[in-house]
Amino acid sequence: MSEDRVVRYTLVVRTTGGAENVTFEGIRCATGERRIYASGRKDGTWTPMKNSAWQPISDNAYNRPRAALAYEHFCDGRRRRASREHALELLRNPRDPSESYGVR
């Protein structure tokens with residue numbers, strides 16, 4: 001977690017059909033926004049996104065992974081988690097999905 005209060009991470013989304021998308025992204029908990037910096041390629045390189053602007057995190061089908069990371073793992077309301085270790089612990093041991101966390 002950086003000094004600018006942005007949580008940066010690599011997101012790997014795999015479909016049941018075997019397709020894979022890899023992106024390097026950031027979440028700004030204070031504003032409830034997300035940004036995609038680059039897209040991963042099969043050869044291991046990155047392609048910077050042409051329209052890499054901050055956007056509100058929406059809890060829709062396309063953004064569900066980002067919303068889950070923000071609301072359930074990386075952000076504590078409008079603040080980021082106190083430490084990287086705490087966020088990683090939440091990823092390893094998910095919370096009860098019936099309970100509500102974070103600000104949406």
Residues Val13, Glu20; criterion side chain to side chain contact (heavy atoms under 4.5 Å, CB included); working and verdict: CA-CA 6 Å; Val13 177; Glu20 182 176 277; over 6 Å; no
With side chain to side chain contact (heavy atoms under 4.5 Å, CB included) as the criterion, how do Asn21 and Thr15 come out once you've worked through the C-alpha distance, each side chain's angles and the decisive distance to 0.1 Å? CA-CA 9 Å; Asn21 288 325; Thr15 68; over 6 Å; no
Would Val6 and Ile27 satisfy side chain to side chain contact (heavy atoms under 4.5 Å, CB included), going step by step from the backbone distance to the final call? CA-CA 6 Å; Val6 174; Ile27 289 178; 6.0 Å; no
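Asn60 places a side-chain N or O within 3.5 Å of a backbone atom of Asn63 that can act as its donor or acceptor partner. When atom types are taken as modelled, the side chain of Ser52 and the backbone of Ile36 share a donor-acceptor pair closer than 3.5 angstrom.
Of all heavy-atom pairs spanning Ala70 and Ile57, the tightest one is CB-CD1, 3.7 Å. The two residues Ser58 and Ala67 have their closest heavy-atom pair at O-CB, 4.1 Å. Of all heavy-atom pairs spanning Cys29 and Phe74, the tightest one is SG-O, 3.9 Å.
Grouping the Ile, Leu, Val, Met, Phe, Trp and Tyr side chains by contacts below 4.5 angstrom, directly or via other members, places Tyr37 with Trp46. Follow the hydrophobic side-chain contacts under 4.5 Å out from Val12 and you never reach Met49; the two are in separate clusters.
Within a 6.0 Å radius of CG in Asp43, other residues, nucleotides and ligands contribute more than 12 heavy atoms.
Between Tyr9 and Phe24, the distance from one ring center to the other does not fall under 6.0 angstrom.
Here the straight-line distance linking atom CZ of Arg28 with atom CZ of Arg8 works out to 9.5 Å at 0.5 Å rounding. Distance check, rounded to the nearest 0.5 Å: CZ of Arg66 to CZ of Arg35 gives 14.0 Å.
At a threshold of 4.0 Å, the pair Arg34-Glu25 does not count as salt-bridged, since none of the basic side-chain nitrogens sits closer than that to a carboxylate oxygen.
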